[in-house]
**Q** 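Before we start, here is the structure in question, set down as C-alpha cells.
Note that ligands are numbered from 1 as they come in the structure, with each ligand's atoms numbered from 1 the same way. FYI, side chains are in, hydrogens and waters are out, and symmetry mates aren't considered; it's all heavy atoms of this structure. FYI, the numbering just counts along the sequence from 1.
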Amino acid sequence: MKEEQHDKNTDPKKLPDAENPYRLLDLKLTKVKNSAAGVPAVIAAFSDLIEEKTVLRGTKALFKMNQVGGFDCPSCAWPDPDDERSPLGEYCENGAKALAEEATTKKVTADFFKENSVYDLAKLNDYQIGKMGRLTEPMYLPKNGRHYQPISWDDAFKKIAKHLNALESPDQAAFYTSGRTSNETSFLYQLFAKEFGTNNMPDCSNMCHETSGSALRPTIGIGKGTVTLDDFYDTDVIVIIGQNPGTNAPRMMSALSRGKKNGAKIIAINPLPEAGLMGFRNPQEINGVLRSGVKLADLYLPVKINGDMALLKALEIILLQFENKNPGKVFDYDFIKEKTTGYEAFLKQFDAYNLDDLAQLSGVSKEAIYEAAEIIAFKKRIIVCWGMGLTQQPNGVEMIREILNILLLKGSIGKPGAGVCPVRGHSNVQGNRTMMIDEKPTDEQLDRLQAFYGFNPPRSHGYDVVRAIKAMQEEKVKLLFCMGGNFLSATPDTTYVASSLRKLNLTVCVSTKLNRTHLIHGQEALILPTLSRSDLDIVNGEIQFVTTENSMGVVQSSKGMLKPISDNLINETQIVCKMAMATLGSKSVINWQKYHDSYDAVRDDIEKCIPGFENYNLRVREKAGFYLPNAARHGQFITKKFGDRAPFTLTSVPNNELAPDEYMMATMRTHDQFNTTIYGLDDRYRGIKNERRVIFMNQKDIEKAGFKVGDKVDLFNYDDNIERIAPLFIIVSYQIPEKNTVTYFPETNVLVSVNNVVKDSNMPASKYVKIKIKKHDSDIYKRINQL
Ligand SMILES: Nc1nc2c(c(=O)[nH]1)N[C@H]1C(S)=C(S)[C@@H](COP(=O)(O)OP(=O)(O)OC[C@H]3O[C@@H](n4cnc5c(=O)[nH]c(N)nc54)[C@H](O)[C@@H]3O)O[C@H]1N2
Ligand SMILES: Nc1nc2c(c(=O)[nH]1)N[C@H]1C(S)=C(S)[C@@H](COP(=O)(O)OP(=O)(O)OC[C@H]3O[C@@H](n4cnc5c(=O)[nH]c(N)nc54)[C@H](O)[C@@H]3O)O[C@H]1N2
Ligand SMILES: [Mo]
C-alpha cells in the first residue's frame, strides 16, 4: 500500500470481483485531508460527468441546479440561500455526482435482463450494480423466474392490483418511501395507502432523523429544526455534533465559513477529525483556490462513540460552575421562568455526577470540555447541528433532549441566531413527513383528510421500517411496495431482511437505477422505472414542476430539464394514480385521473388538507418558495403535555463497557457514495482509495490485539446470541478513540441486529454496534448464509 495521487478507477468492468462480492480490490492509502472542498472537489465533480459520458448534458444541468426556476439538487436537504445565489451554480462536488448518476446515458434495457439472471447480478457488489445505468422499461420477474422480462405498464398495474386485492387485510401490505419523492407524489402515495386501508408506511426517516422528531416534537412542539440559513450568518457559536458536513451537506460549508467570517466560533464533536469540520476551501473564492482556505473548528472534541451524553452532562456541570461565579450571566432566568418547566429537578440531578468520571466516559479531557464551556458560557446566540452520529445511537432521543436542555438553560432557542438544526439527509425527506408519509399519523391529520375526501382513513398505527421487517419475517406482511430507495441494502441485519423479503408474495420497486432490492426479491417482483429530479417531466403537453421542502422548512419548486433516457418512463405521481385506479376502481371516492393529469390539481388539494400551504400554487411560483409555519422558531413551544413551555428532560449516562475483545463500531458514509449508491471508490478526505472493506482502528488497539495495518480480518456481532459475520476487511490505522472502530455502510449492515434500536424512535442504532475482530479465515464463507 503506498501513497498515491487522486485518480479514478470506477469502471466496474475493470474490477476483478464479479465472482465474489467479498473479494478485495486494491487499497491505496492517500493523505488524510484537513480541509474540505477546494479545486480537487470541482475536478472530482466534473470527472464524474466525464465518466458517465454526459459532459454536455450534465454541465448544462449543473448550472440549473438549485437556481430559482431550476431543479432541486437530488443529493442532500441543505437549503439554498433565500436571496443571492451564485451564478456559477449552487452545487457542490457531491451534488454534481448525484446529478451524474441521474444524467448518465448508460441504460439498463430488457436485453440486459435477458443476458443477466438475477442470480448472477446478485453476485455483484453495490458499486457495480449501480454503475449499470438508468432503468428504461417496466420489468417483471415471475415466480421461480431467473430473468426479469419486459411487461407493459398496464399489465404491471393489473398485477399489483390483483395482489393487493387478494390480501386478507390491507395491513398485509407495506408502502416504503425513500426521501427523494416529491411533495406531490408523497401526498398521493399516502392518500392511496390510507384509502386502500393501511398506515403501514415505513420510510427512510425511520433510519435517519426519526430520533430527532421523537426528541423535539414532545418538547418544543415541532419535530423539525428551528433555525434558518440566515441564523448561521449572524450567530456567536455553532456546534456540530455527530455530523460530517464536508461530505454529506457540502453546501453547509459556505454557511459555516460565512458565519465564521462574521465572528462565530465553531465547536466540532466527533470521534473522527473529519476534513469538513476542520477547514474549508471555497472553490468559488480566490483564497479557496490559491491558499489554504479558512480554518473551521475553533475547538475539536474527539468524543468516544456514544460518549456524547457524558460530554454534554460534563459541559452542563461546568456551565453551572460558571453561572455560580457569575450569577445571571450564563443562564437566562427570564427565559427559564417564562418558557420552560422542570428546571429545579433538572439542577438537582447534578449532585449525583462527578466531572472527572464524566470526562473519562466521554473520552474528552476535562480541560477541553472547559474550553467548550468557555466558548458558550457568555454567549446566547448558539446553534447546535447534528446528524447520524447522534440519531443512530440507542440513546439518541435523550442526547438530543440534553442538547435542548443546554439551549433552554441559556435561552438559546426561538430567537435569531440561536436554536436547533437537525441536518436532514435526503433532499425531500422532511417534505415526505409534512405530506403525512408516516406510520403514525395524528388524529388531527386524519380528521382533515376525512373531512375533505369523505372516506374513513385507518386510525391504528402501522409498521415502521424495523417493525415491517419483522412483520415480513412473520408473514404478517405479504407485499412490499417501495417508492424509491434500496430497502435491502439500507436496512440493518441484511441476512434477516433478505430472508424476510424472500417470503413476500410480491415486491415492487419504483426506481431510477438498478439496486440490490431488485435482486433479492419476493416470489414475484416488479421494477417500475421512473423519471428522476433532473428529468424533463411533461404531462399532456405541459412541462410540470414538483415541489420539495428543505431542511429548514422552505417549500420550493423543482423543474427538471434533461431529456429522459427512455420514452417508456412515467413520473412517480402517475405511477401512484395508475396503481390507485387499477386497485380501487369505482370503490374510490378520489378523482385520481385529475391528479394524474396535473400537479397543480394535487397542490390545490394538499392546500385543503395540510396547514401552512395556503395559496400553495401561487406562493411556490414566487422566487425562492415559502417558509412553512414554525412556532418554535419564534419562541413558542406548544405541546399537549406541557402547554406552552418546553420541558427540561432528565436523562441518564449509558454504560458503554466492552469486553476485552470487543470494540464499538459506527457504520457511515464515504465521500464517494450516496447512501447505498456507490459513486466511486475514493474516500478522498480520509485518504482511503479503491477499497470499501476497511476497518478504521486506533494504532494502540491494532498493536494490543496483535494485528498489523493491512491485516485481513473478519468482523462478528453476537447480539441476540446470533453470530453475524462480515468477512474480509482490511485494518487501517486512523485517528480514532481507543476501542472505537468505523466501517462503511452498507457493507457492514449485516452486523447490525434488527433488535439494536434507538429507544423511543425505534431506529436502527447503526452507529452503536458491538463487534469482535478476528484474523481472516479463508473458510469463513462456509459459515455465511450466502444471500
Ligand atoms: N454525498 C452524500 N451526501 C449525503 C448522503 C450520502 O450518503 N452522501 N446521505 C444523506 C443522508 S440520507 C443523510 S441522513 C445525511 C447523513 O450525513 P451524516 O449525518 O454526516 O452521516 P454519517 O456519514 O453517517 O455520519 C456522521 C458522522 O457521525 C460521526 N459519529 C459516529 N458516531 C458518533 C458518536 O457516537 N458521536 C458523535 N458525536 N459522532 C459520531 C461520524 O464520525 C461521522 O462524521 O447525509 C445526506 N447527504
Ligand atoms: N448501517 C447503516 N445503515 C443506514 C445508514 C447508516 O448510516 N448506517 N443510514 C440510513 C439512512 S440515514 C438512510 S436515509 C437510509 C437510506 O435508505 P434509502 O433511501 O432506501 O436508500 P438510497 O440508497 O438513498 O436509495 C437509492 C435508490 O433509490 C432509487 N432512486 C434514486 N433517485 C430516485 C428517484 O428520484 N425516484 C425513485 N423512485 N427512486 C430513486 C435508485 O434506484 C437507488 O438505487 O439508509 C439508512 N441505513
Ligand atoms: Mo438519511
**Q** Under 4.0 Å, heavy-atom basis, I'd like to know which part of M388 is in contact with ligand 1: side chain, backbone, both or neither.
**A** both

**Q** Starting from atom 38 (N) of ligand 1, what is the nearest protein heavy atom, named by residue and atom, and what distance separates them?
**A** D308 OD2, 2.7 Å

**Q** State if K513 counts as touching ligand 2 under the rule of any non-hydrogen atom under 4.0 Å.
**A**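 Within the 4.0 Å threshold, so yes.
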
**Q** Tell me which part of C208 gets within contact of ligand 2: side chain, backbone, both or neither, using heavy atoms under 4.0 Å.
**A** both

**Q** If you measure from each non-hydrogen atom of H426 to ligand 2, which part falls under 4.0 Å: side chain, backbone, both or neither?
**A**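 Within the 4.0 Å criterion, H426 contacts ligand 2 through side-chain atoms alone.
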
**Q** At a 4.0 Å cut-off, with the gap strictly under it, does some heavy atom of A249 reach an atom of ligand 1?
**A** no

**Q** Quick one: look up the protein heavy atom nearest atom 11 (C) of ligand 1 and list residue, atom name and how far away it is.
**A** G425 CA, 3.2 Å

**Q** Using a strict 4.0 Å cut-off to heavy atoms of G387, name the atoms of ligand 1 that fall inside it.
**A**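 Counting atoms of ligand 1 from 1, those under 4.0 Å from G387 are 19 (O).
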
**Q** Around atom 18 (P) of ligand 2, find the nearest protein heavy atom and jot down its residue, atom name and distance.
**A**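 Ranking protein heavy atoms by distance from atom 18 (P) of ligand 2, first comes Y176 OH, 3.4 Å.
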
**Q** Applying a 4.0 Å heavy-atom criterion (strictly less than), which segment of N94 is in contact with ligand 1: side chain, backbone, both, or neither?
**A** side chain

**Q** Taking the minimum heavy-atom distance to atom 10 (C) of ligand 1, which of Y768, F745, F674, W78 ranks first?
**A** F674

**Q** Contact between ligand 2 and K767 is defined here as a heavy atom of the residue under 4.0 Å from a ligand atom; is it met?
**A** yes

**Q** So is E102 close enough to ligand 2, meaning a heavy atom under 4.0 angstrom away?
**A** no

**Q** In plain terms, say whether R684 and D672 are close enough for a salt bridge, that is, a side-chain N and a carboxylate O under 4.0 Å apart.
**A**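 Looking at R684 and D672, the cut-off is not met.
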
**Q** Considering only heavy atoms, does V429 approach ligand 1 within less than 4.0 Å through its side chain, its backbone, both, or neither?
**A**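 Within the 4.0 Å criterion, V429 makes no contact with ligand 1.
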
